[in-house]
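Here the structure is a predicted model, which is why all the values come from computation and not from measurement.
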Amino acid sequence: MAADRTSERKLDHVRICLNRDVQARQVSAGFGDVALVHRALSDIDLGRIDISCKLLGREASSPLVISSMTGGTEKAETINRTLAEVAEEMAVPISVGSMRAAIEESGLERTFKVVRECCSKAMVIANIGAVQLVSHGPSYGARAVEMIEADALAVHLNKLQEGVMVGGDTAFNGVSKAIAKLVEALDVPVIAKETGAGVSSEDARLLKSLGVKCIDVAGAGGTSFAGVEYFRAAERGSSMGQKISLDFWDWGIPTVASLAEVRSSVDLEVICSGGVRGGVDAAKALALGATCVGVALPLLRKAQAGPEAVRDWIRLFNEELKLSMFLSGASNLEEMRRCPVVVTGAVRDWLLSRGFDVDSYSRRKGA
Ligand SMILES: Cc1cc2nc3c(=O)[nH]c(=O)nc-3n(C[C@H](O)[C@H](O)[C@H](O)COP(=O)(O)O)c2cc1C
């Protein structure tokens, strides 16, 4: 019964994300406040730029992760298969959506397992909710990893979504201890992942102390889960649910501010996601210290259109990233991470008021 409700909710998310505008309205991810410094003269051939990447020790052809989205229903299985086939072919890491439904109902396992079946080389990342860990313990995470022979496990932190949702699970007391126990019990790395509200420097330090190896900031400015819940509440005729979701639609730390906060505070690998919409955004995220970027909504929409649309999106992403690197004077990702960037506007204001040295980015000497 609980699994039915979980998979029903996951189906709602996909349907709403495909048909409605669920992106942030008033808050921007912040990429418009970041400028890479153009280099008119650098000894680089565009054709020789290397965008190969390493995430948690695994090689990838590009600094891109297909972010956690779905599983648990027939439609989800089709989407997962499409994304996984392209992930394998293009050597791009792929995450599955929350595996709660399949952990609760083994009949749904195939909707997630399809990803591992398609991927013998591409990195596969499992996904569970932190709040479920509290009540079920580390074996819950181990079950998710085992189900898809995952290379890493993402534990999602989704207080905003659970908080605005009618009947959401908001018993987060004990979450930190549960994550620490999970890290100890697993032999694959744990990624702490937000779902659209960002990670602060305070939480990044705490997560590092718990033993997580990577943080996916999933900041505000891309898909808004309060936005998704707004449409679910409207369909259920819950005016209170609608009002709350609307008021929290743009809640969160903008993605770029979150990335800078996390990278300035801890020396962990960082996935930058939440409103990343192309290769230029990715180049900016790399310059601010990201290991790679994660993309959800645009790839969900392309997956609906079929594998060729997903391939085309990734090819365009790669070309734009290479061109951004060519123009910034970086021939590989390590050099891109040393390029100067100028941070202005709302992101600058945010970082200055939080005590970060924003000008250290613009005064770098470059690659
Ligand atoms: C349809 C859909 C379902 C999602 N489900 C999950 C999930 O189960 N677990 C999770 O960690 N994040 C989930 N997310 C959040 C994404 O992984 C990502 O963090 C967020 O959407 C921001 O990226 P974007 O702006 O590129 O969409 C989901 C996103 C979408 C669009």
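A donor-acceptor contact shorter than 3.5 Å links the side chain of Trp249 to the backbone of Gln23. Side chain of Arg143 to backbone of Glu146: no donor-acceptor contact under 3.5 angstrom is found. Between the side chain of Ser67 and the backbone N or O of Val295, at least one donor-acceptor pair lies under 3.5 Å. The closest donor-acceptor contact from the side chain of Asp216 to the backbone of Val270 lies at 3.5 Å or more, if one exists at all. For the pair Ser264 (side chain) and Ala260 (backbone), a donor-acceptor distance under 3.5 Å is present. No donor-acceptor distance shorter than 3.5 angstrom exists from the side chain of Ser106 to the backbone of Ala102, with no hydrogens or angles considered. In this structure a side-chain-to-backbone donor-acceptor pair under 3.5 Å is missing from Arg311 to Met90. Of the possible donor and acceptor atoms, none in the side chain of Arg337 sits under 3.5 Å from a partner among the backbone N and O of Gly289. Without hydrogens or angle criteria, Asn332 side chain to Glu335 main chain gives a donor-acceptor distance under 3.5 Å. Although no hydrogens or angles enter the test, the distance criterion places no donor-acceptor pair under 3.5 Å between the side chain of Ser224 and the main chain of Val22.
Of the charged side-chain nitrogens involved, none lies within less than 4.0 Å of a carboxylate oxygen, so that Arg100 and Glu105 do not count as a salt-bridged pair. Salt-bridge formation is detected for the pair Glu77/Arg81: a Lys NZ or Arg NE/NH1/NH2 atom is positioned less than 4.0 Å from an Asp or Glu carboxylate oxygen. A salt bridge links Arg116 to Asp151: one of the charged nitrogens lies within less than 4.0 Å of a carboxylate oxygen. By the 4.0 Å N-to-carboxylate-O rule, Arg25 lies too far from Asp250 to be salt-bridged with it. Salt bridge absent: Arg363 and Asp357 never bring a charged side-chain N and a carboxylate O closer than 4.0 Å. Ionic pairing of Arg277 and Glu320 is not present here: no N-O contact between side-chain nitrogen and carboxylate oxygen is shorter than 4.0 angstrom. Between Lys121 and Glu88, at least one side-chain nitrogen of the basic residue sits less than 4.0 Å from a carboxylate oxygen of the acidic one, meeting the salt-bridge criterion. Look at Asp281 and Lys284 and you find no salt bridge, because none of the NZ, NE, NH1 or NH2 atoms lies under 4.0 Å from a carboxylate O. Under a 4.0 Å N-O distance rule, the pair Glu117/Arg110 does not qualify as a salt bridge. Using a 4.0 Å cut-off between a side-chain N of Lys or Arg and a carboxylate O of Asp or Glu, Arg9 and Glu229 do not qualify as a salt bridge. Under 4.0 Å is where a charged nitrogen must lie from a carboxylate oxygen, and between Asp359 and Arg348 at least one such pair does.
Within 6.0 Å of CG in Asn173 there are 12 or fewer heavy atoms belonging to other residues, nucleotides or ligands. Heavy atoms from other residues, nucleotides or ligands lying under 6.0 Å from CD of Glu184 number 12 at most. Sparse packing is recorded around CD of Glu74, with 12 or fewer heavy atoms of other residues, nucleotides or ligands lying under 6.0 Å away. Within 6.0 Å of the CD atom in Gln26, the count of heavy atoms belonging to other residues, nucleotides or ligands does not exceed 12.
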Practice prompt. Begin from the C-alpha positions of Ser68 and Asn127 and carry the test side-chain hydrogen bond (donor to acceptor under 3.5 Å, both in side chains) through to its verdict.
Written response: CA-CA 7 Å; Ser68 306; Asn127 187 290; 2.8 Å; yes
Practice prompt. Could you walk me through whether Arg364 and Arg338 pass side chain to side chain contact (heavy atoms under 4.5 Å, CB included), step by step?
Written response: CA-CA 7 Å; Arg364 286 175 182 163; Arg338 294 202 298 272; 5.5 Å; no
Item to complete: Please assess Arg315 against Glu308 for the test salt bridge (charged side-chain N to carboxylate O under 4.0 Å, His left out), listing each intermediate value before the final yes or no.
Response: CA-CA 10 Å; Arg315 281 191 202 112; Glu308 196 47 34; 3.3 Å; yes
Practice prompt. Begin with the C-alpha distance, continue with both residues' side-chain angles, and end with the deciding distance and a verdict on salt bridge (charged side-chain N to carboxylate O under 4.0 Å, His left out) for Glu334 and Lys54.
Written response: CA-CA 11 Å; Glu334 268 323 300; Lys54 224 179 199 180; over 6 Å; no
Discussion item. Show, in sequence, the C-alpha distance, side-chain angles and deciding distance for Lys322 and Asp50, and conclude whether the salt bridge (charged side-chain N to carboxylate O under 4.0 Å, His left out) test is met.
Written reply: CA-CA 8 Å; Lys322 285 179 190 168; Asp50 175 11; over 6 Å; no
Practice prompt. Please report the C-alpha distance between Tyr361 and Val342 in whole Å, then the side-chain angles of each, then the deciding distance to 0.1 Å, and finally whether the side chain to side chain contact (heavy atoms under 4.5 Å, CB included) criterion is met.
Written response: CA-CA 7 Å; Tyr361 296 115; Val342 181; over 6 Å; no
Fill in: Derivation of the side-chain hydrogen bond (donor to acceptor under 3.5 Å, both in side chains) call for Ser62 and Asn318
CA-CA 7 Å; Ser62 168; Asn318 287 345; 2.7 Å; yes
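The two residues Ser176 and Leu206 have their closest heavy-atom pair at OG-CD2, 4.1 Å. Here the closest non-hydrogen pair linking Cys17 and Leu300 is CB-CD2, 3.7 Å. Closest of all the heavy-atom pairs between Ala282 and Val293 is CA-CG1, 3.8 Å. Nearest heavy atom pair, residue Ile94 against residue Cys119, reads CG2-SG, 4.0 Å.
One distance of note links CG of Leu207 with NZ of Lys213; it measures 12.0 Å at 0.5 Å rounding. Interatomic distance, CE of Met165 versus CD of Glu162, reported as 4.0 Å (0.5 Å rounding). In this structure, the separation between CD1 on Ile49 and CZ on Phe326 is 6.5 Å, given to the nearest 0.5 Å. The line from OG1 of Thr70 to CG of Leu11 is 8.0 Å long, rounded to the nearest 0.5 Å.
Using a 4.5 Å heavy-atom threshold, the side chains of Ser331 and Met325 count as separate. Side-chain contact between Lys10 and Val14 is absent, with no heavy atoms from C-beta onward closer than 4.5 Å. The closest side-chain heavy-atom distance from Val37 to Cys339 is not below 4.5 Å.
For Phe31, there are no ring pair (Phe, Tyr, Trp, His ring centres under 6.0 Å) partners, not counting sequence neighbours.
The one candidate from Val256, Ile253, Val358, Val343 that meets the side-chain contact (heavy atoms from CB on, under 4.5 Å) condition with Trp350 is Ile253. A side-chain contact (heavy atoms from CB on, under 4.5 Å) with Cys292 holds for exactly one of Leu333, Leu286, Val276, Ile271; it is Ile271.
Linking Ile, Leu, Val, Met, Phe, Trp and Tyr whenever their side-chain heavy atoms come within less than 4.5 Å puts Val145 and Phe112 in one cluster.
Taking the six-membered ring where tryptophan is involved, the planes of Trp313 and Phe317 are essentially parallel, since the angle between them stays under 30° and well short of 60°.
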